[in-house]
Amino acid sequence: MTLDQVMIELAAKGSEATKKLLVKHGAKEPFFGVKIADLKPLHKKLKGEQALALKLYATGNGDAQYLAGMIADGAKMTPAQLDIWAKSAGWCMISGTIVPWVASEHPAGFALALKWVDSPVEGVAIAGWKTLGALAATVPDDQLPVKPWSALLDRVAKTLPAAPNDVRSAMNGFLIACGTYIAPLGDKAIATARKLGKVEIDMGDTACKVPDAEVYIMKYRRGAPVAPKRKTVRC
């Protein structure tokens, strides 16, 4: 399929009801309002078409960007391409899902994420914290630079309360990922969660609830000292 053919199909799959729902979660124009379930047939058909994925993302359309992340292989992207994706994500769901999917598959993912978390642009900072969380969930502990990760937990404890709303959410997710998947940092993550207490995040006009970091860490561990690493954070 060509880019134009995919965009026509995406437009046909969109609906006003889905658009209204996504707007409540922060979606920004342009986008058609396509359900993720309706993207899956296209994902199956187009998976691995790397050049098409890059073209789809470059449209700036939210649905096209999400589909691009579904079909792209992050390991085949360049650091420059990943950086462009972080900086041109249409809205926070793209920053917090699609960019971490691909960045966590690349050897430069950690270095890029460290740069992104320093960005004053909320979407880029979200991509950074979410990518770090994805790496915590997928990379074996003996391949993780644990000291920098420990320093990042210190940073979360110090800066989360004053961070922008959606960045606070991403930092809270990073805290949960550290406590769930990184054995050497499990106790520190719990201690950090207790120090922070209840994290206040405005979820807007949605039914979403703020995850309690300590509760979620214990839930995901399922009684074990640490949860097994995941093969991927893709869903």
Side-chain angles (χ1 to χ4, degrees), residues 13-40 61-63 65-67 69-70 86 89-104 113 116-117 119 121-138 153 156-157 159-181 189-190 192-222 227 230 232-235:
K13 290 177 180 291
S15 73
E16 285 303 314
T18 302
K19 285 197 75 168
K20 289 180 181 178
L21 178 63
L22 292 176
V23 165
K24 289 183 178 181
H25 287 81
K28 307 293 183 184
E29 293 284 3
F31 71 111
F32 301 121
V34 184
K35 294 178 180 179
I36 293 175
D38 291 335
L39 291 175
K40 290 187 176 180
N61 178 285
D63 302 299
Q65 289 190 330
Y66 199 96
L67 178 61
M70 294 175 78
W91 59 293
C92 61
M93 189 174 80
I94 306 301
S95 299
T97 56
I98 296 307
V99 177
W101 284 0
V102 293
S104 63
W116 294 339
V117 296
S119 174
V121 179
E122 290 185 32
V124 178
I126 290 166
W129 288 110
K130 287 287 190 175
T131 297
L132 290 169
L135 291 167
T138 56
L153 282 176
V156 167
T159 65
L160 183 148
N165 190 69
D166 290 331
V167 178
R168 287 200 303 279
S169 180
M171 295 172 84
N172 194 51
F174 166 76
L175 173 58
I176 292 170
C178 286
T180 301
Y181 296 105
I190 292 289
T192 302
R194 290 175 179 170
K195 179 179 179 180
L196 286 167
K198 183 179 180 180
V199 175
E200 299 291 341
I201 300 169
D202 182 3
M203 293 298 189
D205 185 21
T206 73
C208 298
K209 296 182 179 180
V210 180
D212 181 294
E214 182 176 0
V215 170
Y216 271 67
I217 289 168
M218 302 311 295
K219 176 183 176 182
Y220 294 149
R221 286 181 183 178
R222 297 181 181 179
R230 297 170 58 176
T232 179
V233 292
R234 291 176 178 266
C235 57

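For reference, positions follow the sequence shown, starting with 1.
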Open item on the list: To the closest 0.5 Å, what do you measure between NZ (Lys35) and CG (Leu21)?
Closed with: 9.0 Å
Open item on the list: Is it true that, when you exclude Lys19 itself, more than 12 heavy atoms of the residues, nucleotides or ligands shown sit nearer than 6.0 Å to its NZ?
Closed with: yes
Task: Closest non-hydrogen atom pair between Asp202 and Arg168, with its separation - done: N-NH2, 4.5 Å
Task: Intermediate values then yes/no, side chain to side chain contact (heavy atoms under 4.5 Å, CB included), Phe31 and Gln65 - done: CA-CA 9 Å; Phe31 71 111; Gln65 289 190 330; over 6 Å; no
- [ ] Indicate, with yes or no, if the rings of Trp101 and Tyr66 have centres closer together than 6.0 Å.
- [x] yes
Task: Nearest non-hydrogen partners of Leu160 and Asn172, listed with the distance - done: CD1-N, 3.9 Å
TODO: Taking the side chain as every heavy atom from C-beta outward, state whether Phe174 and Val117 have any pair of such atoms under 4.5 Å apart.
DONE: no
Open item on the list: Let me confirm one number: the CZ-OG1 distance from Arg230 to Thr180, rounded to the nearest 0.5 Å.
Closed with: 10.0 Å
TODO: Kindly indicate whether the side chain of Val210, heavy atoms from C-beta on, has any atom under 4.5 Å from the side chain of Met203.
DONE: yes
Open item on the list: The test is side chain to side chain contact (heavy atoms under 4.5 Å, CB included); show your working for Val199 and Met171 and say whether it passes.
Closed with: CA-CA 10 Å; Val199 175; Met171 295 172 84; over 6 Å; no
Open item on the list: If I take atom CH2 from residue Trp129 and atom CG from residue Asp166, how far apart are they, to the nearest 0.5 angstrom?
Closed with: 15.0 Å
Open item on the list: Distance check, rounded to the nearest 0.5 Å: Lys130 atom NZ versus Trp116 atom CH2?
Closed with: 14.5 Å
- [ ] Quick one: closest heavy-atom pair of Ala89 and Ile94, and the distance?
- [x] CB-CG2, 3.7 Å
- [ ] Report yes if the side chains of Glu122 and Asn165 come closer than 4.5 Å at any heavy-atom pair, otherwise no.
- [x] no
Task: Interatomic spacing from CG in Asp205 to NZ in Lys24 - rounded to 0.5 Å - done: 4.5 Å
Open item on the list: With a 6.0 Å cut-off (strictly less than), is the heavy-atom count around NZ of Lys13, excluding the residue itself, greater than 12?
Closed with: yes
Open item on the list: On a heavy-atom basis, which atom in Ala157 and which in Leu196 lie closest, and how many Å separate them?
Closed with: O-CD2, 3.7 Å
Task: Taking every non-hydrogen atom, the tightest pair across Ser95 and Pro100 - done: O-CD, 3.1 Å
Task: Approximate separation, where rounding is to 0.5 Å, of Ile201 CD1 and Lys209 NZ - done: 14.5 Å
Open item on the list: Please find the pair of heavy atoms, one from His25 and one from Cys92, that lie closest to each other, and give the distance.
Closed with: O-SG, 3.8 Å
